[in-house]
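To keep things clear, I will list the structure first and then write my remarks on it.
Every heavy atom of this structure was used, including side-chain atoms; hydrogens, water molecules and symmetry mates were not. Whatever order the structure lists them in is the order used to number ligands and atoms, beginning at 1. In this text the structure is predicted, and so the values were computed from the model without any measurement.
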Amino acid sequence: MFLDIVTGEKTEILRTVCAKVTKFDKSLAKLVSDMNDTMIKAKGVGIAAPQVGVNSRVFLAVLGSTTKNPVTVPMVNPEITYFSDDEELDEEGCLSLPKQFAKVWRSERVTVKFQDLKGKSSQLKLSGLDARVVQHEVDHLNGILFIDRLED
Ligand code: ZN
């Protein structure tokens with residue numbers, strides 16, 4: 001099912017520090033499924049719950065999005081436990097900020113810890129675009145948009 005994407009840099013839900021997920025139930029699975037449909041329709045490589053109006057620490061990230069075998073990974077209660085000092089400058093956009101694009105500095109490599117839809121914990125070491133997408137999506141769960149990270 002497609003959900004409406006919330007837009008606007010001043011919209012309250014996009015500026016909210018989202019609540020931790022504590023119930024790993026059918027409604028979480030349904031939310032993630034609907035977010036996936038919505039992301040595919042919008043041609044995004046990531047989508048966070050606040051972007052569909054839901055105050056929950058969950059997002060989907062498409063890893064390997066420029067390869068032949070992209071994988072969409074739902075991350076619940078994600079936490080970046082390592083940011084490399086090396087940073088890269090690359091262009092970002094956001095489904096919630098239509099037609100806005102800008103170059104943003106992000107760590108080249110990160111380690112992210114998260115839970116799956118059943119609450120099982122794991123971690124991934126990511127680099128390049130995958131690391132960028134995860135940093136962008138974790139920001140959403142903390143009420144941060146990429147335009148906040150632009151230099152003057
Ligand atoms: Zn975004």
Side-chain angles (χ1 to χ4, degrees), residues 1-21 27-67 70-84 86-117 122-152:
M1 193 180 98
F2 301 125
L3 304 171
D4 288 332
I5 294 177
V6 176
T7 59
E9 62 183 277
K10 294 193 172 136
T11 305
E12 192 178 355
I13 187 67
L14 296 177
R15 293 313 200 167
T16 299
V17 177
C18 292
K20 223 178 152 181
V21 173
S27 70
L28 177 65
K30 168 80 170 134
L31 171 65
V32 164
S33 168
D34 289 347
M35 284 169 62
N36 190 46
D37 293 343
T38 305
M39 178 180 73
I40 290 167
K41 186 182 180 196
K43 298 185 165 65
V45 291
I47 192 168
Q51 294 184 277
V52 293
V54 176
N55 182 343
S56 281
R57 300 190 76 78
V58 51
F59 65 71
L60 304 185
V62 180
L63 304 181
S65 62
T66 60
T67 70
V71 180
T72 301
V73 181
M75 297 192 184
V76 181
N77 298 324
E79 197 185 331
I80 296 176
T81 56
Y82 167 79
F83 291 89
S84 67
D86 299 355
E87 295 192 325
E88 277 181 344
L89 185 63
D90 210 345
E91 187 156 277
E92 292 188 20
C94 180
L95 298 178
S96 294
L97 300 171
K99 294 175 184 160
Q100 281 188 259
F101 298 91
K103 290 197 168 185
V104 185
W105 286 102
R106 299 283 188 185
S107 288
E108 208 271 322
R109 283 163 285 120
V110 296
T111 301
V112 60
K113 269 181 65 176
F114 58 96
Q115 289 168 284
D116 69 11
L117 297 182
S122 53
Q123 67 172 31
L124 287 173
K125 292 183 178 183
L126 303 173
S127 62
L129 181 58
D130 293 345
R132 177 171 298 274
V133 170
V134 165
Q135 288 171 84
H136 178 118
E137 299 308 329
V138 169
D139 272 356
H140 273 303
L141 305 185
N142 293 322
I144 298 167
L145 299 172
F146 80 85
I147 51 173
D148 303 341
R149 296 195 176 278
L150 305 182
E151 286 165 16
D152 294 332

**Report entry** Sub-4.5 Å side-chain heavy-atom contact between Leu63 and Leu124
**Finding:**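 Touching, per the 4.5 Å side-chain cut-off.
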Query raised in the report: Are any non-hydrogen side-chain atoms of Arg57 and Asn142 less than 4.5 angstrom apart?
Result: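 Of all side-chain heavy-atom pairs linking Asn142 with Arg57, at least one is under 4.5 Å.
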Query raised in the report: Would Glu92 and Arg149 count as a salt bridge (Lys or Arg N to Asp or Glu O under 4.0 Å) if you check the C-alpha gap in whole Å, the side-chain angles of each, and the deciding distance to 0.1 Å?
Result: CA-CA 11 Å; Glu92 292 188 20; Arg149 296 195 176 278; over 6 Å; no
Requested in this report: Just the protein N/O/S atoms under 2.8 Å from the Zn ion (ligand 1), please, no waters.
Outcome: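 For the Zn ion (ligand 1), the protein N, O and S atoms that sit under 2.8 Å away are Cys94 SG, His136 NE2, His140 NE2.
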**Report entry** Greater than 12 external heavy atoms within 6.0 Å of Glu87's CD
**Finding:**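 Yes, CD of Glu87 has more than 12 neighbouring heavy atoms, counting only those of other groups under 6.0 Å.
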Report task. Apply the side-chain contact (heavy atoms from CB on, under 4.5 Å) test between Met35 and each candidate in Ile47, Ile5, Thr72; give the one that qualifies. Result ->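 Single side-chain contact (heavy atoms from CB on, under 4.5 Å) partner of Met35 among Ile47, Ile5, Thr72: Ile47.
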Query - Derivation and outcome, salt bridge (Lys or Arg N to Asp or Glu O under 4.0 Å), residues Lys30 and Asp34 - result: CA-CA 6 Å; Lys30 168 80 170 134; Asp34 289 347; 3.1 Å; yes
